[in-house]
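Working notes for the structure below.
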Amino acid sequence: MFRRRSAIPGFGLTLGITLTLLSVVVLIPLSAVALKAAGIGWDGFVAAGFSERAMRAYRLSFGAAFAAAAINGVFGMITAWALVRYQFPGKTVLNALVDLPFALPTAVAGIALVTLYQPGNLLGVWLDALHIKAAFNFTGVTIALTFIGLPFVVRTLEPIMRDLAADVEEAAASLGASRWQTVMRVVLPSLGPAWLTGFALAFARGVGEYGSVIFIAGNLPFKTEIAPLLIVIQLEQYEYGAAASIAVVMLLVSFAMLFVINAIQAYARRLAA
Amino acid sequence: MTISIRQVEKSFGRYPALGGVSLEIKDGELLALLGPSGSGKTTLLRAIAGLEFPDKGQIAFDAQDVTFAGAAERGVGFVFQQYALFKHMTVARNVAFGLDVRKGKAKPSKAAIAARVEELLNLVELGGLGKRYPSQLSGGQRQRVALARALAVNPRVLLLDEPFGALDATVRKSLRKELRRIHDATGVTTIFVTHDQEEALELADRVAILNHGVIEQVGTPAEVHDAPASPFVCGFVGEANRFEGEVSGGVFRAGGIGVAAPGVADGKAVAFVRPHEFVIAPAGFGAHIQRVTLQGPLAHVEAVTSDGIRLQIVASRADAANYAAGATANLTVRAAHVYPA
């Protein structure tokens, strides 16, 4: 039977509310997008959703989101480690700073970043000297997405790191493993599933990010135009069908990637249970 | 290998965990560190392992001073109460870990490691389960894996911290016998920590009893049970009735109960009487029998004297007829351990 008898209360109620809410706020709007895209026909959908300009925008959005999530994967892990493992002055402040990207209006972040990294400004001067351009290109987009994605990795890893039993590391040490071997072979592998969750969240957030990126991206069509911006541009030109087509492509790609990541996680979790 | 512990002290903040412990562990011996929680037994074991470092004193393996050597350098095998297995590795990879992390010439060939893993899994009777993950094993099986993993590196000493603490009673008993068998097969010097006196007495060659960070007595199970060195040991090891009374002229008295206490000075005293040391005697003190339960060859009797002192008595089934619930029996005490209070 689909529903087993159980002493745990609330199955019908919670599932009912979940499905209703999911339908109203997620599924129905998304299907409306798909319907809108279908409105311009298959040829229209392909022309709008797979145009040269759209393809470049996808590459930038997904590429920069992936790069940013990867950077956060490394530095977010180090940050989480420092926050969980050590006591140091200013820890509370640092802890609060990590969450700032969650709370800050993304436009503020975008303006702050462009002020810093623009050629001739603060950090920009130093980067100019190194012949690195960190605004109005792929690097700039990646910087913005790294900023907004950091807390996702840190906050998903923290509880798992805290729960890592000290005796496992002591066991590795007593078996003759060096500190490096203990970290590489015992600690990091057991963080795998949580790390992947953090990576996926940061990546998904990056793909959908709009506010902070448009300030630092430069927004040149075919060059530094992110996919969400392209959707907005289409909307401003009353090309609802084209906008919806791009949205559908992004939706499908994002869903496919998150689905694969979840499948990997489910597999890893089964081993770790 | 012999282990010498000399005047080891250790405190955590202001809380003293070990207050000057000295102990010699003989080569090939199976020694139990027995004590209540907070007695410092685990701290002592971890200091021997190199997972904790003494504030004062010295620890030597044979003639080599290892007081401040790290765990990785000591060549010890450590088994944790909660198994501490590597969850993301198969059973075989877990057991191989200690050999896998060796570098250069010290690292055995793949085939040699595989053979060693096979041999150890057979030793702990887990042959054929090498491809499983720890999550697919029962608690008892996980602890066997932990044991095999600790033995894989041919440790100079095997250390076990409450190894059976997380297991249910049946598994605990069978794993106890298993540990004894494995110890006899490998001959490795073994120290285990337990708060379960039955476990310590059954398994160990010698038992060291700790209380409040000091060793109260070290001896064979028979010695600590039959000749306890202190009131604490007497109360902690084996069952005992505790009576507070007075010694006068070599005789201990508490209410109607009297028992010989040779060599104990006159004055207030505490007597410990094992439950099997009560016998029926017409001239003895009277005790009201409250409850009789039969367990295998023994009868457990709960009684109370006319002075209101509660007694726990163990009699053989043959004697059980003398104890009837509700009736009064006349008893005397055959022997007791008496200590000045």
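Every chain is numbered from 1, with letters handed out A, B, ... down the list of sequences.
Look at A/Asp99 and A/Arg155 and you find a salt bridge, because one of the NZ, NE, NH1 or NH2 atoms lies within 4.0 Å of a carboxylate O, short of that distance. Ion pair A/Arg85/A/Glu169 flagged as a salt bridge, since at least one NZ, NE, NH1 or NH2 atom sits closer than 4.0 Å to an Asp/Glu carboxylate oxygen.
With hydrogens and angles ignored, the 3.5 Å screen pairs a side-chain donor or acceptor of B/Arg144 with a backbone N or O of B/Val124. Of the possible donor and acceptor atoms, one in the side chain of B/Thr190 sits under 3.5 Å from a partner among the backbone N and O of B/Val188.
Neither the backbone nor the side chain of B/Asp161 comes within less than 4.5 Å of any heavy atom of chain A. The parts of B/Phe78 that come within reach of chain A are both its backbone and its side chain, each placing non-hydrogen atoms under 4.5 angstrom from that chain. With a 4.5 Å cut-off on non-hydrogen atoms, B/Leu99 does not touch chain A at all. Both the backbone and the side chain of A/Ala172 come within less than 4.5 Å of a heavy atom in chain B. Heavy atoms of B/Ala152 lying under 4.5 Å from chain A are absent altogether. Neither the backbone nor the side chain of A/Thr182 has a heavy atom closer than 4.5 Å to any heavy atom of chain B.
Here the closest heavy-atom approach between residue A/Ile71 and residue A/Thr146 is recorded as CG2-CG2, 3.8 Å.
Aromatic ring pairs are classed by plane angle as parallel below 30°, tilted from 30° to 60° and perpendicular above 60°; the pair A/Phe199 and A/Phe203 is parallel.
Residue with the most contacts toward chain A among B/Met89, B/Arg149, B/Gln82: B/Arg149 (heavy-atom pairs, distance under 4.5 Å).
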